[in-house]
Each structure stands twice: as C-alpha cells, then as structure tokens.
Amino acid sequence: MSEIQEVAAPRRRINFGFDKYSGIYVWALLVLVFALWIPDLFLQTSTVKQVLTFQAISAIVALGLILPVAAGAFDLTIAGTLTVSVCFTAWALTNGYGIVVAAGGSILIGIIIGLANSLVVVKLKVNSFIGTLGMSSILIAIAYMITDSSQIVLSTSGYAPFFEFARTELFGLPLSVYYAALIALVFWWILEYTPGGRYLYAVGGNPVASRLAGVRVGRVTMIAFIASGASSAFAGIVYLATIGTATPDSGSGYLLPAFSAVFLGATQIRPGRVNVLGTLVAIFLLATGVTGLQLAGAPSYVTQLFNGAALIVAVALAARTARRQA
Amino acid sequence: MTSATSALSVRNATKIFGAQVALDNVSIDVAAGEVRALVGQNGCGKSTLIKILAGFHEPEPGIEVLVGGESLALGDPIASEAAGLRFVHQDLGLVGNLDTVDNLALGQGYITNATKTISWRKERAKAREALAALGYEINVSMPVAGLQMSERTAVAIARAMSERGTPPKMLILDEPTANLPGPEAQRLYQLVRRVADSGVAVLFVSHHFDEVFEMAESVTVLRDGKLIETRAVAGLTEDELIELVVGRKLEEHDKGEAADREHGTQVLQLSGVGGRNVSGMDLTVHRGEVVGVAGITGSGREEVAALVFGGHERSGEITVDGKTLPQNRPDISIDRGVALVPAERHANASLLDQTLRENITLVDPGRHMSLGILRRNPEKADVRVWLDRLSVKPSGQTEYNMNQLSGGNQQKVILARWLRQEPTVLVLDEPTQGVDVGAKADIHTLVDEAAAQGAAVLVCSTDHEELVRVCDRVVIMRRGKAAEILRGDKITAENITAATIGRDTAEPAA
C-alpha cells in the first residue's frame, strides 16, 4: 500500500488555490452549462424548488450517515431504516394511531436499529460493512412484514394534517427543506464545535490511539449509529409525508446517493475528512447535474449512472487527497 | 574516493519541498565492500537522500548519481532497482502470515516446473541457501511473524540481496537494529559484515550510535540538509559524533543530584499484578521518583505500561493515591491522574492526518468550551504554549497535521498531550524510540521536570543508556516477574544489560 502511494508522490503538486472548494466551482460550471443549454427549462424558480425539495430527504439520510463514517464505520442500514420507518408510519396511521404515536414510534425504531447495529459492530465485533449489510436485509424483511408485501397508500384527503408536516410551505419552500437545514446545523455544530465531534473523528482516525487517550470508542460508535438510525427514520417520516405511499422498496434509491454525497463531501471544505458542509455541497452538485440532464431530455436512468460514477470519482479523489497530505 | 571505483557516487543532491530545503547540495561516495553509516537528527535530510536514491523523490536538477560507475536515471524506482540499489526499510516490508519461502518469492517469483506448478522443494532449498549465505539457519516454512526480529531482518535482507535481473551493488538499510535487543543486534552486525565482504556496499541510516560504532567503517553526518562531514569511524569518539550530529555539546547530566532527590509519598502501587506475560508483579513508585523497567523481549517489560494504564486485561490490584484502577478502562485511569505515552506512536498514539491541536487536546477537548461551543482561538493559544514548551519544530504550527512532523517531534506532541494533563503518574513506554539525539535529550529533560513537579514516573525502555540517564531505580523484568532492582551507582548500562539476561549483579528484589 504505502509503496504504491510513494511511487505517486513525485508528481508535481498543482494547486490553483481552490482545492477545498472545487465542488462549488464545478457546481457553478454545471449551472452555467445548463443555463446556456436549456435556459427555458433550467432557469426557473421551480427548478430550484424541485432540486431543494427532492434533495431534502436524501440530505437527511446523508447527514445521518456522516457520523458513523466519521467514526470509521459503514452504516448500510440507512436505506432499510428509511423503508421500515416509511412502512411503520403508514401502517400506524392507517390503523388509527395518531401522528405523534406513528412518528414517535418510527424515530424509536430508528434508535433501536442504531443500537442493534452497534451491538453487532461493537460487541460482536463484526466488520461494520458486513454487519450492517446483513442488518439491512433483515430490515427489508421487516418492511415486507409490516406492509404484508404490498403498498400502503395514504389518501391526500384523509391524512391532510400529516402531509402538512412536510408539505407546508414557508417562504416558497416546503418544511422538509427546513428540517434538512436544521439537522445539518445540529450535526455541523456537533462535529465542528463539540468534544463529541473530536471523539468521532479521533475514533475514525485511530481507534487504538483514541482508546489509549481515554475515548470510549464503543460508546462513540454506538452514538454514531443511533444518530444515523434516528436520522434515517426521520427521513422516512418526511418521505411518507411528501410522497404519500409506502412500499417495501421505498428506500432503495437512497443508499448510494447518501454514500456518494458523504464521500464526495470528504473532498470538499475540509479535504480528507467527511464533513457536513462538504456533504451539502456534494448533494446539491449531484442533484443539479441529475436535474439538468433530466430537463435536457436524458432518460431517467441517468440518476443511477451519475450517482454511481460520482461515488467512484469521490473515493478516488479522497485517496488522492490523503496521498497529498501524507 | 574517485567515483570510478565507488559503488555509489552522489554529486550535488538538492531537494526543495515548498520553501524548505530538505537537502542542500550533498555529495557522498561509498566504495564497494564499505559499510557506511548515515546519521543526523530527524529532519536532517537522511530520508530525503534515501528516497531520491530509491526513485521516490525527484531531486532538483544539477544532481549526478553513479552506481558502479554508471549513471542512474532518477525518479524511477524500477531504474534504481535495475542499477543494483537494494533497500530494506525499517518496517521490513514482510508479509507476517506468509513463510520465508513466500516472502522471498514476493520479489522475484517462484521456481516452477514444466507444468507451471511451483516446485516447493526447490524453493525451500533456495530460501535456506539464501539465508545460510547470511549466516542464518531458520525454519523457512514457518510464518515470518513467528521468527525473531533479527531473523525477520535477515529474511528482508535476503530478499533485497537476491539477483532479480541485476546483481545487487549496494544495500541500503533504514535503522536496521532499531527494534533489536542486544544479542540479536550482534547477529545482525555479523550479517552486515558478510554482505560487505561479498563486495556489496552497505549504507545504513541510524540513530543508534552503538550500531554505528559496531558496524560502520565510515560515517556521513547530515545536519539541516547539509553534509557536515564524512569520516572514518576508527578514532572517532561517541562525544565527537554527538557533537557533529547536534552541532553543539550536550549538557552533562548531574546524576548525583537526581539519585539523592528526596522522594515523597507512595503514589502508584502494584500488588500481585499479572497479564499475558507478567505474573505476580509488585511495585511501588513514589511522588517525584523515576522508576525504570528493563527486560528482554518476552520478559514482560513490553506489557508493564499497558497493564498499569488499564489498556490490557489483568489480575491483581493497582492503586493510585489509594484509589483502585479498574482494568480495561483507560478513561478512568486518566481521571485518576494516570498518563500513558505508549510505544509505537503511529499505531498507539497518533492521529496522523489530524492537526497537532487535535492530537494534543484529544484527552480533554472540552477545556475551552463555552456556551456549547469549542472556542478554537483559546485552544490554539493553549496548544501553542505546549508546542513551545517542548520546542516542537516547526514552532507554533498548531494546524499542521501530525504526519508533517518528524518522528522526534511527533513524540514530543504525544508527550505534550499528557504533560498538559499534569499527571500524578506518568507512564512512558519506549519514549525515545526512533527519535534523534537532540529530541531524545529534550525528552529526558522533560521527564526530569515532570518528576521534579511531583509526578511518579515509570519508564519502560530497551534503551539502557536512557534508563541510566533518567532513573532513580531500575526494575529488571525476567520471565514475567520483577526479578531485580538496581539503585544508585549500580545503575549502569552494563549492569542493566547483564541483569536482563539473567546474571546476578545486584540485590534481589525486595
């Protein structure tokens, strides 16, 4: 490993001074390209609103994922947790429970999933990638059980108060966007300005050294998984209140974009470590690209194509950043 | 010293990183069959020079390198290898769970028969032969992780010395005996001699002067990227060499005062402590006292620090100021005033890609928190004070990443992390491992100061000179027990070495 990295080292370092903010420049470039290419479709306030609204749910999932990744653990249950949350909330609402019970129960389930993940990873010492991969399959099974393998549709008229939770607009944007912003603010504060953030990055950087410096590595990992589980569960509630339909594959499209955003985000703002602002830049960079291409008439599979390519590019860029710093 | 007969001839090597001149117009010649030591403090340019030869760094123009009289294309590891330069790095680059045969084959491929099946019998014979040529007879079918350190070094050297197209002309070793206990180091000296006798030039980087004096015929000293001197080892004294390396005389340490220092109350108490290798260990350390722990590998010496700190599972009882330390809970040990500077700082102590600030405040990051926010400016000011106090170079750079510092400075940063906690018990495990002489002297002074301020200090070390330098008392570990204690003028490097391998030169442990 180290030799391969050293071989690459002699390459001259080219730095135009915007290493940290390259994502913002690329994003601006994308906006410019689409503005010139399809000005009638792209340069609309409705496009801005569409990007922000669609990305609110992805953003909440990705923001939750930042914490375990910062602590050096993968959490592949994020999409499964979102699905279970969507299905449970829909089931609870259609079975006559109130909004508070449905939503509260959902968040509680997210916390329990986080606890179960940390049990598997910390106590049973299963590699987090494998452990949460297994957990996510179990979660999909649970989603099928809840929905009885079909879909639950919430009628717009019958559940109006619930839909208001995400759809009510404030200054032209739905509440879901504000939830994402609020969660981003809280996690940004935790990661940048509290001892907890230091512990997360320390555990991710070197768990042995962290333990020998008094950091409760197991506990830090557990809290990261719980935060991730709760965030994904909350994203599930917002999803249901936005879309109105629950199926056992509601969350399947959220796993990869979240990982793409977090890893691409690790090359931005604070290169070399996953961070909140970088993740937000990445989310909107990806969303702008996908939305622009779709408006220009690209087929719908362009989303998958774009996100997959972005994940690989992101990890390659992150490896390059790490090499440069070494 | 004409370049025509030299195995290696380097003219005008310069390397600039950003604004820093890492290597400044350095020229050296090494003759075939010569053993040359390359010494200097961390950051003096040794590694840069080696990496230029290895093709990892591209030097500034104006340089000329001849290997066996032929010009070497720089910046290409494959060209370096093809020219006959062979490298053994400090970590040896062996795969621990593979045996010697496989490790040797990693560089050169396997011997196969007509059906492209590996001929294991021939491979084993060849591996045995390669090691026998170096004076080693080992089980070549055993995973190398199970070999002794010097045997592993021999395997790495055997691999470097194998033909691979061109015969080796020069062997370059990075700190070859850094991790070897005395007798094993002796074996390695002989090995290096054999390599040189076969006509191959040897260049080794070293911080250990005993290996310089035992192995090398000549020594090249670098300081601040400049060539200071190349001279024969014969007739050179250790003090002269230290002066060349550091550029100043080291202060004479007054041992008498430290030995007579009045010690305070008992602080750290071990009773009946046992772990993997240690059993039934009793020890008391007083306020202001520095106690050393010596022992060969496997004696339990390497485990003592972790046992005291609570990093390992253990039996028995450990108390600090009368309060019991639970096992496996470093966080509680820290609350009770224990600090640990562990061995192998990269693996056990450093957050390499995080800032010095984050590394230093890791134990207690919340100290500068107000209104729910960590205040970065007071934190930086706090860290800067500690960087200055320990004279970490480059000075005042709180936002540098740990991996931008040299080894000695990294060790100081780890020490700063713990001194900042004002510990009642300071445990140091191999505190100056891979650290240059200047930083070593600084670290020893810091240990003195910590003790003077009332800390009970425990120093576990394989560097016996270091124990002589800092300790009031040295506990000798043998077969998992505290077998002997040396005090006062009985504390000499010779006595410690003798005691660790089991000769009776001192009073038995009380």
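Letters A, B, ... are given to chains in the order of the sequence lines, protein chains preceding strands, and every chain is numbered from 1. Keep in mind that this is a model prediction, so the values were computed, not measured.
In terms of heavy atoms, B:Gly372 sits closest to A:Thr194 at O-CG2, 4.3 Å. When all heavy atoms of B:Gly366 and A:Pro195 are compared, the pair lying nearest together is CA-CG, 3.7 Å. Of all heavy-atom pairs between A:Arg198 and B:Pro365, the closest is CG-CB, 4.0 Å.
Using a distance-only test at 3.5 Å, with no hydrogens or angles considered, a donor-acceptor pair links the side chain of A:Asn206 to the main chain of B:Ala347.
The environment of B:Glu422 atom CD is sparse: at most 12 non-hydrogen atoms of other residues, nucleotides or ligands sit within 6.0 angstrom. At most 12 non-hydrogen atoms from other residues, nucleotides or ligands lie less than 6.0 angstrom from CD1 of B:Ile78. Within 6.0 Å of CH2 on A:Trp27 lie no more than 12 heavy atoms contributed by other residues, nucleotides or ligands. Heavy-atom contacts from other residues, nucleotides or ligands closer than 6.0 Å to CZ of B:Phe17 number more than 12.
Taking non-hydrogen atoms and a 4.5 Å limit, the residue list of residues 210-227 of chain A in contact with chain B, ordered by number, reads A:Ser210, A:Arg211, A:Leu212, A:Ala213, A:Gly214, A:Val215, A:Arg216.
Interface residue B:Ile373: backbone and side-chain heavy atoms are both found under 4.5 Å from chain A. Heavy atoms of A:Tyr201 lying under 4.5 Å from chain B belong to its backbone as well as its side chain. B:Glu379 touches chain A through its side chain: at least one heavy atom from C-beta onward sits under 4.5 Å away, while N, CA, C and O do not. Proximity to chain A is limited to the side chain of B:Arg417, based on heavy atoms less than 4.5 angstrom apart. If you measure heavy-atom distances from B:Thr361 to chain A, the contacts under 4.5 Å come from the side chain alone.
With a 4.5 Å cut-off on side-chain heavy atoms, A:Glu192 and B:Arg376 count as touching. Contact of the A:Tyr193 side chain with the B:Met369 side chain is not registered, since no non-hydrogen atoms from C-beta on lie closer than 4.5 Å.
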